[in-house]
Colleague: 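Here it is, the structure in full.
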Amino acid sequence: MYVYTEIINEVVRSIASLLSLPREDVEKLVTDPPSHVPYDLSFPVMRFKLSESAFQELVRELRMNELISDVSIERGYLNIRFSRDKLAARVLQQIIIQKERYGSWPTRDEVIVVEHTSANPVHPLHIGHGRNMAIGDSLVRILANYGYKVQSRFYINDLGRQVAVLGLGVSCLGEKAFLDKNMKSDHWFGLIYALTNQLLELKRLKGEREKSVNDTERYIELTSQIDEVVANIARLSEKSPELFEALSDCIMNMDNPESAVQLIMSKYERGDARYKELMRRMITEVLSGFKETMSKLRVNIDYWDYESELVWSGEVDEIIHNIRKSPLYTLYKGAEALSVDKIAIDPEIRRKLRIPEGLEIPPLVIRRSDGTTLYVTRDIAYTIRKFRESNAKKVINVVAKEQLLPQAQLRLALYSLGYTQYAENLIHYVYEMVILPGTKMSGRAGIYVSLDDILKELAALSKAELYRRYGQQLSKEEIESYSQKIAVAALRYSLVNVEPDKQLVFKEEDVLNFERNSAPYLLYSYARAYNVLKKIREEELPREQANYAKLVEDEIRYRLVKLLAKYPLVTKKAAEELRIEYLTSYLWRVSQEFNQWYDRDPILKETDKELFKAKIELLIAFTYVMKNALQLLGIEPLERL
RNA sequence: GGGCCCGUAGCCCAGCCAGGAUAGGGCACCGGCCUUCUAAGCCGGGGGUCCGGGGUUCAAAUCCCCGCGGGCCCGCCA
């Protein structure tokens with residue numbers, strides 16, 4: 001049991017029983033007092049009309065706790081002061097014994113699946129995927145730390161139109177697509193995809209313009225669109241003129257490239273051997289690029305799930321079969337659909353499935369007229385698989401806000417097909433888009449900032465900085481490796497540091513800002529602490545007992561002790577509420593407290609041996625907490641910086 | 001047109017779910033601190049109609065209503 005949890009539990013229990021309130025209600029009201037109030041915990045009592053004698057009883061009861069030194073009532077608040085030395089003794093000793101385990105929670109026999117990233121395998125991972133990935137992987141780590149068995153899964157959307165477009169480009173090129181590659185494979189296929197896409201667009205627009213010769217306004221409109229596409233193609237061609245030549249020859253001379261895309265899509269979905277070989281080969285190449293980027297970012301995926309497998313295995317057919325038997329089965333604008341709108345009227349169902357109150361739900365179309373399936377239909381089958389395969393308690397889909405509606409339809413569809421538990425336990429973890437100021441990102445047009453490029457720039461910057469500072473002391477290899485790690489840390493931290501509900505305006509200079517509220521600040525704090533520790537050898541440690549009373553006489557040291565004590569509560573809340581920002585803001589606060597301490601109160605120069613011992617323990621405890629908390633965000637602490 | 005989300009200092013963000021003490025930080029700006037454990041640090045300073053207006057309340061950045069501004073969604077795309 002963690003000390004801080006113990007105190008809170010005791011306080012909550014006393015207050016709850018005296019006020020006859022549910023413990024959860026009391027727990028929510030217990031807070032930290034503002035900084036000018038010299039206490040450790042507060043509880044607003046002004047709203048409860050308590051008799052004087054009841055007050056006295058509460059105060060008396062709380063004072064009996066050995067971890068509490070004082071209790072008072074001021075300005076409507078019940079204020080509690082801890083026994084500083086006892087708290088310090090318990091916390092520091094516990095951290096030093098538990099080490100990497102401090103802040104983790106007992107294993108529970110429940111599985112949570114987190115699906116994240118799931119980028120279409122048609123271009124490199126960009127900054128938008130980066131946010132998804134950083135969120136998803138941090139959730140995985142936070143939930144595992146809280147005791148869950150966690151599975152991370154990546155859904156490979158290989159049946160959509162986009163992959164078929166890439167397929168068209170690749171079949172135009174033949175073996176050249178695989179042999180002429182002169183860059184990282186996801187970037188290479190991303191280029192083929194963007195060029196193919198833009199050429200298709202060009203052909204389509206030209207066709208339309210021919211039909212509009214009599215409509216001047218439309219003609220001008222189309223012309224300007226064509227100009228835009230042409231400019232795009234020109235920009236893309238620069239990266240490989242030969243590639244452009246080959247693709248352009250092939251696509252512009254096709255009678256109907258659009259139907260070629262359709263053909264690829266339906267052949268592949270039906271498992272045609274020739275297309276299967278082509279498509280899988282190309283997808284594997286792109287995925288290997290993803291994997292390289294993800295491993296740089298310390299992101300692990302347990303299962304890579306091909307969407308196509310769900311169709312070939314018959315799981316999607318089974319869903320369609322069930323939908324057809326459903327009373328909600330209908331034709332919507334001539335296509336087969338499921339009237340999820342009908343059950344969306346029921347406020348009870350909406351509440352259970354967490355469907356936003358006013359969200360208007362249209363029927364869910366399940367198949368195209370040509371018989372191929374649609375994304376959400378396959379996602380129904382996939383969700384069932386995610387729950388079934390591991391008997392998961394919850395499935396969390398990390399998916400951008402723009403997909404709010406399809407994710408809601410997905411839950412409603414599962415519910416209406418009888419998978420009520422799955423529907424209720426499927427969580428759409430919503431995050432807002434990443435915006436690049438000045439540009440409109442578009443995978444289709446090949447306009448994006450890839451994670452690889454961002455990492456490269458961040459690493460170059462840290463490298464320059466490291467040379468400037470430690471060019472003499474560090475080897476070239478060390479600088480290389482440190483700069484890479486700093487880049488990863490800076491990127492990951494900046495991607496989870498803002499609440500997911502907020503749009504993230506990605507400005508490189510902000511991530512490159514290595515000052516206070518940034519990953520480098522955290523790493524720097526850790527490295528400073530580690531550096532002091534390194535200077536002390538075992539034999540130099542005094543045999544005297546640490547004097548915790550002396551340690552916490554100092555306000556700054558006590559604040560640090562208290563923060564370290566709170567850490568397990570932070571990991572718990574982060575896991576329960578799925579709030580990653582709790583960790584980032586905790587890390588920032590604890591680093592700040594440490595730096596203040598470090599600056600004002602020399603550790604190695606301490607002559608009082610009992611106090612010296614206690615300071616060392618505080619320092620060790622700080623490094624463990626930092627290390628553990630950074631790990632939960634996928635950031636590797638550095639021993640030097 | 002309807003819906004979802006966001007709006008807090010020049011810029012970026014925490015606090016809002018569960019109302020309560022003097023609204024917290026970062027960047028930028030101004031001024032200090034390296035013969036002392038790593039100055040990517042520390043200390044101090046200025047800077048706020050908490051988007052606006054109503055309402056509920058002893059008490060509103062926080063809850064409710066009406067607006068305004070921005071983003072996204074409303075496809076036989078994903």
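Residue numbers begin at 1 in each chain, while the letters A, B, ... track the order of the sequences. Worth saying up front: this structure is predicted, and the values here are computed from it rather than measured. All heavy atoms count here, side chains included; hydrogens, waters and symmetry mates do not.
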Colleague: Nearest nucleotide by nearest heavy atom, which residue falls closer to the 5' end of RNA chain B, A:Ser591 or A:Tyr598?
Modeller: A:Tyr598
Colleague: Less than 3.5 Å between a donor and an acceptor, one on the side chain of A:Lys401 and one on the base of B:C4, is that the case here?
Modeller: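 Check passes, donor-acceptor contact within cut-off.
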Colleague: Go through it in stages, so that I can follow the logic: the residues are A:Asn595 and A:Arg528, the test is side chain to side chain donor-acceptor pair (under 3.5 Å), and I'd like the CA-CA distance, side-chain angles, deciding distance and then a yes or no.
Modeller: CA-CA 9 Å; A:Asn595 279 315; A:Arg528 275 179 135 183; 2.7 Å; yes
Colleague: Counting Watson-Crick and G-U wobble pairs only, both distances under 3.5 Å, name the nucleotide matched with B:C17, or none.
Modeller: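 The answer is none; no pair meets the criterion.
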Colleague: Do the side-chain N or O atoms of A:Arg354 get closer than 4.0 angstrom to the phosphate oxygens (OP1, OP2) of B:C4?
Modeller: no
Colleague: Does B:C72 have a Watson-Crick or wobble partner in any strand here, with both distances under 3.5 angstrom, and which is it?
Modeller: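 Across any shown strand, B:C72 pairs with B:G3.
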Colleague: With under 30° as parallel and over 60° as perpendicular, where do the rings of A:Tyr193 and A:His123 fit, or are they tilted in between?
Modeller: perpendicular
Colleague: Counting just side-chain N and O atoms, does A:Tyr524 come under 4.0 Å of either OP1 or OP2 of B:A40?
Modeller: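 Answer is yes, contact under 4.0 Å.
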Colleague: So, does the side chain of A:Asn595 form a donor-acceptor pair with the base of B:A39 at under 3.5 Å?
Modeller: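 Per atom types, no contact qualifies.
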Colleague: Using whole Å, what does the distance between atom P of nucleotide B:C12 and atom NZ of A:Lys507 come to?
Modeller: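 The distance from NZ of A:Lys507 to P of B:C12 comes to 6 Å, rounded to the nearest Å.
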Colleague: Taking the nucleotide of RNA chain B with the nearest heavy atom to each, does A:Glu74 or A:Glu432 sit closer to the 5' end?
Modeller: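 The residue mapped nearer the 5' terminus is A:Glu74.
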Colleague: In this structure, how many angstroms lie between the P atom of B:G26 and the CD atom of A:Glu581, rounded?
Modeller: 19 Å
Colleague: A:Ile127 and side chain to side chain contact (heavy atoms under 4.5 Å, CB included): which partner among A:Leu504, A:Ile435, A:Leu491?
Modeller: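 Single pass found, and it is A:Leu491.
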Colleague: Round to a whole Å and report the spacing from CZ of A:Arg444 to P of B:C77.
Modeller: 11 Å
Colleague: Check whether any side-chain nitrogen or oxygen of A:Arg378 sits under 4.0 Å from OP1 or OP2 of B:A78, and answer yes or no.
Modeller: yes
Colleague: Provide the Watson-Crick or G-U wobble partner of B:C29, both distances under 3.5 Å; none if there is no partner.
Modeller: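 For B:C29, the partner nucleotide comes out as B:G45, under the 3.5 Å rule.
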Colleague: On a plain distance test, is the side chain of A:Ser518 in donor-acceptor contact with the base of B:A40 below 3.5 Å?
Modeller: no
